[in-house]
Peer 1: 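Submitted below is the structure of interest, expressed as structure tokens.
One-based numbering, in listed order, for ligands and for the atoms of each.
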Amino acid sequence: MPSAENPVSSGFNLDDAIRKVPDFPKPGILFYDITSVIANPDAFRYCVESMARLYRSERIDAVAAIESRGFLFAAPFCERLGIPLLLVRKKGKLPGKTIGRKYALEYGEAEIEMHVDDIPVGGRVLIIDDLIATGGTVCATAELLRAGGAEPVGVFAVIGLPFLDYTACLGDLPVTTLIEYFGE
Ligand code: AMP
């Protein structure tokens with residue numbers, strides 16, 4: 001799988017386009033906000049074109065996109081490369097037959113679901129989200145895909161926070177990001 005690109009050296013300063021909001025949603029958290037990226041056509045285009053370039057020559061049978069900000073980047077990427085887009089949603093949102101996975105949050109737990117019939121058995125699936133922090137959501141998605149008979153082959157997030165140690169639960173599943181931050 002491809003490695004991360006440096007957004008500055010590739011000619012676009014993505015950092016400038018990401019709004020940073022201190023103490024949101026609670027004190028001590030620095031929130032990296034991608035609404036300022038999708039509100040900026042140059043920044044949004046830079047992200048989608050970078051994704052297309054990174055994965056153009058990979059064999060990917062489907063993308064699993066994580067609710068809800070992951071959908072925003074996964075949808076134009078899948079349309080551009082002609083890849084099926086599968087939605088990973090919070091419990092109770094999908095109308096068809098689903099499989100689900102519970103996972104731990106900082107306080108309590110959450111549950112995600114996918115339409116079981118959309119998961120390509122034996123297929124290679126790329127997981128897409130806007131940001132990867134602890135990796136808990138992505139790990140639960142990878143487990144869900146394996147339970148459905150597919151093979152997660154990589155993770156893409158626009159933003160990575162490697163100091164939150166997302167590799168701990170991902171094993172050797174490769175993670176590609178466009179920009180990384182090293183503190184909150
Ligand atoms: P995690 O499961 O810990 O990797 O959390 C990932 C999800 O939480 C992503 O979908 C992000 O949208 C959101 N998230 C976690 N931390 C932040 C942060 N500091 N800034 C923005 N979004 C975050």
Peer 1: Between F12 and Y46, how do the two ring planes meet: parallel, tilted or perpendicular, split at 30° and 60°?
Peer 2: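 It falls in the parallel class, under 30°.
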Peer 1: Any N or O of F31 that comes nearer than 3.5 Å to an N or O of ligand 1?
Peer 2: no
Peer 1: Please determine whether salt bridge (Lys or Arg N to Asp or Glu O under 4.0 Å) holds for the pair K20 and D15, giving the CA-CA distance in whole Å, both sets of side-chain angles, and the decisive distance to 0.1 Å.
Peer 2: CA-CA 9 Å; K20 287 89 177 173; D15 177 49; 2.7 Å; yes
Peer 1: Give me the ring orientation class for Y181 and Y32: parallel if the planes are under 30° apart, tilted from 30 to 60°, perpendicular past 60°.
Peer 2: parallel
Peer 1: Is it the side chain (CB and beyond), the backbone, both or neither of D129 that lies under 4.0 Å from ligand 1, heavy atoms counted?
Peer 2: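 The side chain, only.
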Peer 1: Under 3.5 Å between some N or O of ligand 1 and some N or O of I29?
Peer 2: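 No - when backbone and side-chain N and O of I29 are compared with those of ligand 1, no distance drops under 3.5 Å.
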Peer 1: Return the minimal non-hydrogen interatomic distance between L14 and V158, and the atom names on each side.
Peer 2: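 Closest approach of L14 to V158: CD2-CG1, 4.0 Å.
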Peer 1: Could you check which of I66, L30, V138, I18 puts a non-hydrogen atom nearest to atom 18 (C) of ligand 1?
Peer 2: L30
Peer 1: Consider ligand 1: state whether an atom of it lies below 4.0 angstrom from any non-hydrogen atom of Y32.
Peer 2: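 So Y32 counts as touching ligand 1.
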Peer 1: Just let me know how L161 lines up against ligand 1, side chain, backbone, both or neither, with a heavy-atom cut-off below 4.0 Å.
Peer 2: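 For L161, the contact with ligand 1 is made by the side chain alone.
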Peer 1: Would you say E111 has more than 12 foreign heavy atoms packed within less than 6.0 Å of its CD?
Peer 2: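 More than 12 within 6.0 Å, yes.
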Peer 1: Within the side chain of R124, is there an N or O that forms a donor-acceptor pair under 3.5 Å with the backbone of R59?
Peer 2: yes
Peer 1: If you measure from atom 2 (O) of ligand 1 to every heavy atom of T137, D33, L105, which option wins on shortest distance?
Peer 2: T137
Peer 1: Is the closest basic N to carboxylate O distance between E113 and K91 below 4.0 Å?
Peer 2: yes
Peer 1: Looking only at distance, does I132 have an N or O less than 3.5 Å from an N or O of ligand 1?
Peer 2: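 For ligand 1, there is no N or O atom that lies under 3.5 Å from one belonging to I132.
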Peer 1: Can you name the atoms of ligand 1, numbered from 1 with element, that are less than 4.0 Å from a heavy atom of D130?
Peer 2: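 Those of ligand 1 that fall under 4.0 Å from D130 are 9 (C), 10 (O), 11 (C), 12 (O).
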